[in-house]
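First comes the structure, then the notes that go with it.
Please read these numbers as outputs of a predicted model, since none were measured by experiment. The sequence lines fix the lettering, A, B, ..., with proteins before strands; numbering per chain opens at 1.
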There are 2 protein chains.
Amino acid sequence: MNSKKHAADEPLITFARFLEARGLRMTRDRRVIIEQVFEVHAHFTMDDLFVALRLKGERLSKTTLYRNLPLLVESGLIRRVPGESSDGRFEHVLGHPHHDHLICLECGREIEFTCTDLEAAQDNICRRHGFHPVWHRLGIWGYCRRCRSRRPATQSAPATSCVAASRKKER
Amino acid sequence: MNSKKHAADEPLITFARFLEARGLRMTRDRRVIIEQVFEVHAHFTMDDLFVALRLKGERLSKTTLYRNLPLLVESGLIRRVPGESSDGRFEHVLGHPHHDHLICLECGREIEFTCTDLEAAQDNICRRHGFHPVWHRLGIWGYCRRCRSRRPATQSAPATSCVAASRKKER
DNA sequence: TCCTTATTGCAACTGGTTTCCATTACCAAC
DNA sequence: GTTGGTAATGGAAACCAGTTGCAATAAGGA
């Protein structure tokens with residue numbers, strides 16, 4: 001068990017350092033949390049994490065998660081996912097360098113992408129405003145190829161219907 | 001009272017149409033809500049709105065607000081303000097057609113902008129993915145000119161410190 | 001090993017939001 | 001103007017994610 005190399009090894013060290021600097025302790029529970037967080041390459045909620053840990057047989061309480069995730073955020077290992085209706089969602093930072101999303105209003109699928117043109121345009125804007133960007137998030141809502149071919153009518157949905165349609169997604 | 005021209009006249013008509021299309025009714029309460037929402041050109045919370053109405057002597061219940069604001073969102077007249085920690089905030093849309101945001105992690109100020117290069121790049125991506133975009137949202141978090149000049153250290157803040165700084169803003 | 005202090009789990013609590021249900025208002029047909 | 005069907009409303013209760021208090025436990029330096 002100790003011999004297996006985990007994706008969590010690096011974050012573990014980072015976090016240990018962070019804790020030490022604040023006079024906090026690296027506990028078993030914290031190790032377990034980090035392992036889980038870095039094992040999964042996806043957004044997660046407090047509850048997702050809780051359930052995943054339970055399924056593994058770990059019995060940490062939710063309180064412990066609620067107390068420790070903010071520390072992980074502070075340490076820079078994870079971040080809250082900003083944006084409408086992604087409240088309470090987290091993602092880890094390491095090995096998840098950057099991505100934006102296309103979100104289908106019909107099937108809910110999220111397509112990740114990156115685009116250098118986009119980044120360039122953003123840099124321009126920031127420069128123009130004397131703004132030092134640290135992190136950004138772009139979401140484009142619409143209809144994916146699959147859904148469009150199934151239901152061509154949605155191809156030219158007006159803006160208002162978009163707002164209405166997106167409602168479905170509010171948790 | 002009837003003769004006074006309100007900024008809310010146009011949204012009122014839009015909303016009336018929206019309601020009609022769904023077999024819903026334009027009530028006194030709904031009129032009052034719209035008037036208030038379009039009188040104030042700023043983000044507001046459910047509670048802000050409630051208090052403002054009470055101060056005016058209107059006695060709608062919170063329940064009514066909680067039931068009607070989602071309708072206003074659906075109708076496209078207002079929207080939820082996206083972004084970390086602006087959960088539960090709304091803004092009206094009219095005269096506010098499209099904008100993305102630069103959000104300062106230090107002072108919380110939001111700078112609105114639009115950029116055609118950005119839109120073009122987005123269109124490209126969508127085309128590449130066979131995705132029909134309907135609506136998008138971009139937020140860039142970082143440090144604004146004002147805060148940077150006050151505290152030059154943040155100019156090249158690493159990702160971790162940025163996340164840490166943003167924590168302060170969690171209500 | 002001991003001792004101090006951080007950490008944890010449970011349960012109680014909080015604040016924002018939603019639901020339930022009885023009452024009231026709207027509005028179209030008579 | 002009256003009536004009847006249906007939507008809208010208010011207040012209280014329920015709900016839920018997240019937080020806090022407190023007693024028991026565990027970490028880790030002396």
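With a 4.5 Å cut-off on side-chain heavy atoms, A:D48 and A:F90 do not count as touching.
Heavy-atom distances to DNA chain C give each of B:M26 and B:M46 a nearest nucleotide, and the one nearer the 5′ end belongs to B:M46.
Between A:L49 atom CG and D:dA17 atom C1' there is a gap of 15 Å when expressed in whole angstrom units. To the nearest angstrom, P of C:dG16 lies 11 Å from CG of B:D48. A:R30 has its CZ atom 15 Å from the P atom of D:dA26, to the nearest Å. In this structure, CG of B:L53 is placed 11 Å from P of D:dG10, rounded to the nearest angstrom. What separates CZ of B:R80 from C1' of C:dG16 is a distance of 12 Å, to the nearest Å. For B:R89 and C:dT17, the CZ to P distance is 11 Å, given to the nearest whole Å. Atom CZ of B:R31 is separated from atom P of C:dA25 by 14 Å (rounded to the nearest Å). Atom P of nucleotide D:dT9 and atom CG of B:L71 are separated by 9 Å, given to the nearest angstrom.
Hydrophobic clustering (ILVMFWY, side-chain heavy atoms < 4.5 Å, transitive): B:L49 and B:Y66 are in one cluster.
In this structure, of D:dA26, D:dA8, D:dT9, it is D:dT9 that holds the atom nearest to the side chain of B:N68.
Taken residue by residue, residues 57-67 of chain B places heavy atoms nearer than 4.0 Å to DNA chain C at B:T63, B:Y66, B:R67.
Across all strands shown, A:D29 has heavy atoms under 4.0 Å from sugar-phosphate atoms exclusively, and none from any base.
The line from OH of B:Y143 to CZ of B:R148 is 11.5 Å long, rounded to the nearest 0.5 Å.
Taking all atoms of both residues into account, the shortest heavy-atom contact from A:R31 to A:M26 is NH1-CG, 3.3 Å.
Aromatic ring pairs are classed by plane angle as parallel below 30°, tilted from 30° to 60° and perpendicular above 60°; the pair A:H129 and B:F113 is tilted.
Partner of A:I33 under the side chain to side chain contact (heavy atoms under 4.5 Å, CB included) criterion, out of A:I78, A:L71, A:L72: A:L72 alone.
Between the side chain of A:H92 and the backbone N or O of A:V40 there is at least one donor-acceptor pair closer than 3.5 Å.
Residue B:R28 places none of its side-chain N or O atoms closer than 4.0 Å to OP1 or OP2 of C:dA25.
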